[in-house]
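First comes the structure, then the notes that go with it.
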2 protein chains.
Amino acid sequence: MHKEHTLTKNQQIIFDLIDKSPEPMKAYAILFSVQKKGIKAPLQVYRALDKLVEIGKIHKIESRNAFIACHNSSCQVSKATAFSICEICEKITEISSASLSKYLANFKDKDGMKYSKYNLEFFGLCKKCR
Amino acid sequence: MHKEHTLTKNQQIIFDLIDKSPEPMKAYAILFSVQKKGIKAPLQVYRALDKLVEIGKIHKIESRNAFIACHNSSCQVSKATAFSICEICEKITEISSASLSKYLANFKDKDGMKYSKYNLEFFGLCKKCR
DNA sequence: TTTAAATTGTTATAATATAACACCATGTAA
DNA sequence: TTACATGGTGTTATATTATAACAATTTAAA
Ligand SMILES: [Zn+2]
Ligand SMILES: [Zn+2]
Ligand SMILES: [Zn+2]
Ligand SMILES: [Zn+2]
């Protein structure tokens with residue numbers, strides 16, 4: 001299926017934190033939360049985040065500079081991501097729609113440029129906030 | 001059609017600069033370029049950028065923290081944006097595809113959340129870099 | 001004209017992210 | 001086994017991106 005990545009200590013600590021968090025976490029919020037576990041410097045956090053993004057365990061929400069664990073089993077690498085973002089409560093959900101991902105994976109622009117990756121962010125109001 | 005926004009002095013200076021630039025510009029690159037015109041502080045740049053984004057004259061490329069002038073006449077407000085980004089040369093182009101924008105504008109997720117805005121970034125290699 | 005809204009100028013600071021370097025762990029090839 | 005490559009770590013310092021707070025001014029309506 002896919003290569004299993006054994007996470008290193010720092011990567012595991014930071015992944016667990018993000019994975020348990022009900023909302024996306026920002027890098028310095030992560031840093032403050034893991035200081036008790038011995039991770040003291042921003043770089044230690046950013047390095048783990050970079051790796052976790054690379055292997056698809058987490059995704060970065062670009063418009064928010066925040067990180068969310070991937071709960072989409074078909075999404076082992078961060079190559080095709082879509083999120084819905086509530087502009088009031090900031091609830092963020094990863095969208096997994098087969099038709100959407102199929103449409104975007106096959107999309108070709110006028111220049112014939114072939115894409116290897118995309119990131120889509122939808123903004124609106126969630127049920128609660130409407 | 002749409003409300004014409006008369007740009008203020010700072011907004012006009014900064015818009016002209018971005019509009020003439022062959023590639024997206026970052027906020028501090030803009031700052032350095034306009035210092036000779038009397039714009040001395042980051043806030044003056046960010047305020048103009050915020051306004052220009054709001055009225056759709058420019059867009060922010062979220063994954064690059066850079067700003068690009070809108071050349072899509074049907075795009076008066078930054079509510080439905082799509083870009084192609086070459087990961088080698090960093091050439092960035094605004095995509096204007098009627099079918100894409102129609103598909104995304106009508107997209108509804110499982111939760112029935114209604115979206116008022118989206119931003120899509122495609123990554124790949126441009127013709128030159130392939 | 002009066003008033004409200006938007007814009008400006010300014011200083012300071014917050015938040016996000018990377019450079020550079022020394023060291024350590026692990027796997028692999030001679 | 002040794003040597004080497006790769007990737008991860010810890011650390012200090014610094015770069016980059018963005019906003020807070022406040023006073024003054026300009027603009028556009030009512
Ligand atoms: Zn995912
Ligand atoms: Zn909400
Ligand atoms: Zn546009
Ligand atoms: Zn290119």
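Protein chains get the first letters and strands the later ones, always in sequence-line order, with residue 1 at the start of each. The structure displayed is predicted, hence computed values, not measured ones.
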Exercise for review: Compute the angle between the rotation axes at the two ends of the helix from C:dT1-D:dA30 to C:dA30-D:dT1, each taken over five pairs, rounded to 10 degrees.
Suggested key: 40°

**Study point:** Summary of ring-ring contact (aromatic ring centres under 6.0 Å, His included) pairs that have at least one residue in residues 90-113 of chain B, sequence neighbours excluded
**Key:** A:Tyr103-B:Tyr103, A:Phe122-B:Phe107

Check your understanding: Can you pull the side-chain hydrogen bond (donor to acceptor under 3.5 Å, both in side chains) pairs that have at least one residue in residues 107-123 of chain A, sequence neighbours excluded?
Key -> A:Ser63-A:Glu121, A:Thr81-A:Asn119, A:Asp109-A:Tyr115, A:Asn119-A:Glu121

Review point. Between A:Glu94 and A:His71, does a side-chain hydrogen bond (donor to acceptor under 3.5 Å, both in side chains) hold up when you go through it step by step?
Key: CA-CA 8 Å; A:Glu94 184 168 3; A:His71 292 302; over 6 Å; no

Review point. Where is the tightest heavy-atom contact between B:Phe83 and B:His59, given as atom of each residue plus distance?
Key: CZ-CB, 3.5 Å

What's touching nucleotides 22-28 of chain C from the protein side, N or O pairs under 3.5 Å?
none

Exercise for review: Keeping to residues at least two apart or across chains, list the side-chain hydrogen bond (donor to acceptor under 3.5 Å, both in side chains) pairs with something in residues 8-24 of chain B.
Suggested key: B:Thr8-B:Gln11, B:Gln12-B:Asp16

Revision key, fill the gap. With B for base contact, S for sugar-phosphate-only contact and - for none (protein heavy atoms under 4.0 Å), nucleotides 10-21 of chain D reads BBB----BBBBB

Study note, to complete from the structure: Between CG of B:Leu7 and C1' of C:dT8 the distance, given in whole Å, is 15 Å

**Study point:** Pairwise side-chain contact, A:Phe67 with A:Lys26, heavy-atom cut-off 4.5 Å (strictly under)
**Key:** no

Check your understanding: Once you round it to whole Å, what is the distance between P of C:dA14 and CZ of A:Phe32?
Key -> 11 Å

Point to revise | Side-chain N,O (B:Thr8) to OP1/OP2 (C:dA6) below 4.0 Å | key: no

**Study point:** Residue from A:Ile13, A:Leu31, A:Ile39, A:Ile14 passing side chain to side chain contact (heavy atoms under 4.5 Å, CB included) with A:Gln44
**Key:** A:Ile39

Practice item. Give the minimum heavy-atom separation between B:Leu100 and B:Ala82, together with the two atoms involved. Key: CD2-CB, 3.9 Å

Revision key, fill the gap. Rounded to whole Å, the CG-P distance (B:Leu49 to C:dT7) equals 14 Å

Practice item. Answer yes or no: is there a side-chain heavy-atom contact under 4.5 Å between B:Leu7 and B:Ile55? Key: yes

Check your understanding: With a 4.5 Å heavy-atom cut-off, do A:Ile68 and A:Ile58 have their side chains touching?
Key -> no

**Study point:** Whole-Å gap separating C1' (C:dT8) and NZ (B:Lys51)
**Key:** 14 Å

Review point. A:Ser101 and A:Ala98: which non-hydrogen atoms are nearest, and at how many Å?
Key: OG-O, 3.1 Å

